[in-house]
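Read the structure below first, then the notes.
Along the sequence shown, residues are numbered consecutively beginning with 1.
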Amino acid sequence: MQVSNLNEVKIYSLSCGKSLPEWLSDRKKRALQKKDVDVRRRIELIQDFEMPTVSTTVKVSKDGQYILATGTYKPRVRCYDTYQLSLKFERCLDSDVVTFDILSDDYSKIVFLHNDRYIEFHSQQGFYYKTRIPKFGRDFSYHYPSCDLYFVGASSEVYRLNLEQGRYLNPLQTDSAENNVCDINSMHGLFATGTIEGRVECWDPRTRNRVGILDCALSSVTADTVIDSLPTISALKFNGALNMAVGTSTGQVLLYDLRSSNPLLVKDHQYGLAIKSIQFQNSLDLILSADSRIIKMWNKDTGKIFTSLEPEHDINDVCLYPDSGMLLTANENPKMGIYYIPVLGPAPRWCSFLDNLTEELEENPESTVYDDYKFVTRKDLDNLGLTHLIGSPLLRAYMHGFFMDIRLYHKVKLMVNPFAYEEYRKDRIRQKIEETRAQRVKLKKLPKVNKELALKLIEEEEEKQQSVWKKKLKKLPNILTDDRFKVMFENPDFQVDEKSEEFRLLNPLVSKISEKRKKKLKLLEQQEFLEQEEEEEPEGKPSDAESSESSDDEKDWVEEVRKQRKLLRQEEKMRWQERFKEDQQTVLKPQFFEIKAGEEFRSFKDSAKKQKLMKKPLEDRLQLEAKLGTLNVSDTTVGSKQLTFTLKRSEQQKRQQEAEKEHRQERKRLRRSAGHLKTKHRRGRPFH
């Protein structure tokens with residue numbers, strides 16, 4: 001039995017250890033148990049709790065007496081009786097099982113969904129009936145009040161099969177192209193289906209109408225998550241009347257209250273693998289979410305990790321035995337996993353001896369094999385002078401070093417270094433001296449750039465530490481020790497200019513405060529220069545002086561603000577006078593610009609004419625356009641009027657049109673002259 005401890009939660013693996021082949025006889029098995037210690041110490045809680053190759057799903061009946069599991073190869077289902085701790089029966093199937101459900105309290109009514117679209121019903125004696133659905137199925141749920149089976153799969157429709165009438169009913173039409181998972185709330189019968197687009201659609205089975213849609217894909221993406229594709233819904237589970245947990249294909253688990261469209265909590269597995277199973281543990285308010293690599297148990301109110309379980313092989317399904325601390329897993333391995341976590345609950349009634357066994361293990365913890373050995377490297381052996389022992393039974397090679405007996409190690413170390421105690425004593429004395437030195441007053445080392453700002457920050461930090469309300473104040477990061485502001489005290493480009501207008505307006509009392517700080521800076525520089533080890537504490541001021549200073553602060557503030565305003569006004573007047581003198585001295589010279597060839601110079605009067613023209617009514621503008629010849633009004637045969645506008649042409653366009661017209665006329669003359677020459681030549685040709 002293997003024991004793991006994470007977050008002080010012990011997990012006992014009851015399925016680890018060597019498994020004996022089925023074809024061995026009982027005599028050979030007994031002989032192996034006598035010879036092999038691992039076989040003798042293993043705990044086989046349920047006999048033959050395994051599959052030939054891979055187990056896909058595992059479930060527990062409602063009465064808790066039977067455990068059913070499916071696997072391959074060949075496809076089969078196995079039923080284990082917990083009262084007998086052995087296999088009850090095994091039935092082979094025609095195709096692999098996608099999922100199955102137990103409709104009765106025991107194993108007498110089972111429904112299997114196969115990967116070839118067939119639905120198979122089994123009774124107590126064996127196979128009972130077989131039917132087919134139009135599309136490939138992925139999950140199904142059973143609605144007990146109406147005896148309806150809801151099938152979802154590679155289709156937008158949810159198929160309904162009524163087991164009382166023995167026929168298919170009208171399907172539910174969803175807005176999604178495909179549906180992955182579904183579940184029915186046992187309290188009020190709400191049916192929910194998870195779609196490939198990352199949404200959850202909720203339906204009322206009584207009215208067969210959709211009552212709500214949750215967009216889980218958008219809610220699962222946070223600032224920290226990195227996704228490559230659209231998250232789809234891969235797991236769905238109700239808890240009580242109001243809570244629902246949704247698992248996505250990108251490894252997030254969203255906890256919803258049905259009264260809100262926003263998730264109460266988003267938990268990321270950080271592996272990027274699809275969530276395969278979600279279980280609720282109500283006694284400790286835990287949620288068990290599993291992907292193919294890890295099973296995480298976390299608090300549903302805070303999201304804090306309770307513990308986690310990482311098996312050796314990939315996980316296909318997880319089943320929590322009701323009202324106990326036992327966990328069953330179907331893995332990519334012949335052996336199915338059985339884990340016992342005492343913190344979650346007691347052991348089931350049929351294996352109550354586990355509680356006594358775990359209590360004995362906790363009372364008498366066994367020391368591991370490595371507690372009696374010391375791991376040493378080749379360099380350690382050289383220092384101890386034990387290189388000649390390499391290859392002997394005293395050193396056992398392991399990875400990049402060797403294991404040796406801890407008693408031998410201590411003896412050799414005392415012989416090589418007999419003054420080890422003196423060295424230890426000196427180290428302890430040195431630590432005590434350093435602790436006392438830490439209590440002394442340390443010199444303040446100021447940076448090269450922005451010394452006054454650094455001194456100001458140091459004073460503020462000291463005031464916060466000395467204040468009575470320091471417990472209520474939030475602990476903010478110190479700028480001097482923060483790497484993000486490191487350049488501010490090293491690069492001279494970040495030096496604060498105290499003579500600028502912005503700084504003077506924001507800090508009107510900076511002159512008096514800066515004088516005090518400059519005095520402190522001089523004192524600190526002198527102390528650094530002299531490298532004094534001890535610093536005298538400054539004498540405190542009497543209470544009367546502090547009260548008088550606090551009363552005069554307001555008057556000083558008003559006076560300093562007025563002085564700064566007067567100085568700023570005088571500086572502005574001086575700058576204005578200098579600019580005015582410069583303007584008087586400068587003489588403006590005319591500038592000439594050359595107009596390109598073919599372009600016209602239009603005066604500013606044209607724009608004024610256009611503005612006046614736009615102010616006139618439409619009738620006056622039409623009359624003006626008709627006079628200029630750009631508008632032609634004519635009556636049609638139907639009785640309506642036709643308006644024809646001609647665009648105004650510039651002089652350059654007119655010149656181009658005249659040149660083109662002359663070019664055409666010239667070509668016509670050339671063609672006519674060429675035609676006359678041809679006719680004369682034909683007339684003068686002799687006949688043969």
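In Q431, the CD atom is crowded: over 12 heavy atoms of neighbouring residues, nucleotides or ligands sit closer than 6.0 Å. No more than 12 heavy atoms of other residues, nucleotides or ligands sit less than 6.0 Å from atom CD of E312. Within 6.0 Å of OH on Y73 lie no more than 12 heavy atoms contributed by other residues, nucleotides or ligands. Crowding of D323 atom CG: a count of heavy atoms from other residues, nucleotides or ligands under 6.0 Å not exceeding 12.
Inspection of the T56 and T70 side chains reveals an N or O donor paired with an N or O acceptor under 3.5 Å. When only modelled atom types and interatomic distance are considered, T53 and T72 share no side-chain donor-acceptor pair under 3.5 Å. A donor-acceptor contact closer than 3.5 angstrom is absent between the side chains of S86 and Q84.
Heavy-atom minimum distance, R76 versus R78: NH1-NH2, 3.9 Å. Shortest non-hydrogen contact noted between V318 and Q279 is O-NE2, 3.4 Å. Closest non-hydrogen pair, I341 versus M297, comes out as CD1-CE, 3.2 Å. Here the closest heavy-atom approach between residue V253 and residue S289 is recorded as CG2-CB, 3.8 Å. L344 and G325 make their closest contact through CB-CA, 3.9 Å (heavy atoms, listed as atom of the first residue, atom of the second, distance).
One finds no salt bridge joining D291 and R293 here, because no Lys/Arg side-chain nitrogen approaches an Asp/Glu carboxylate oxygen to under 4.0 Å. Between K335 and E50 there is no salt bridge, since no side-chain N of the basic residue sits under 4.0 Å from a carboxylate O of the acidic one. A salt bridge does not link K379 to D382: none of the charged side-chain nitrogens sits closer than 4.0 Å to a carboxylate oxygen.
Without hydrogens or angle criteria, K296 side chain to H269 main chain gives a donor-acceptor distance under 3.5 Å. For D317 (side chain) and V58 (main-chain N/O), a donor-acceptor pair under 3.5 Å exists by modelled atom type. The main-chain N or O of G64 is found under 3.5 Å from a side-chain atom of Y321 such that the two form a donor-acceptor pair. Here the side chain of S249 pairs a donor or acceptor atom with the backbone of T232 at under 3.5 angstrom.
Contact annotation: the side chain of Y256 approaches that of C216 to within less than 4.5 Å [non-hydrogen atoms, C-beta and beyond]. Using a 4.5 Å heavy-atom cutoff, the side chains of L45 and F353 are in contact. Inter-residue side-chain proximity for F49 and I67 is flagged as met; some heavy-atom pair is nearer than 4.5 Å. Residues L389 and L381 are not in side-chain contact: their nearest non-hydrogen atoms beyond the backbone lie 4.5 Å or more apart. Inter-residue side-chain proximity for I278 and I287 is flagged as met; some heavy-atom pair is nearer than 4.5 Å. V77 is not listed as a side-chain neighbour of F100, based on a closest heavy-atom distance of 4.5 Å or more. Side-chain contact between H400 and T377 is present, with at least one heavy-atom pair separated by less than 4.5 Å. Annotation: side chain of P348 is not in contact with side chain of T82 (no heavy-atom distance under 4.5 Å).
The CD1 atom of I46 lies 7.0 Å from the CG atom of L328; values are rounded to the nearest 0.5 Å.
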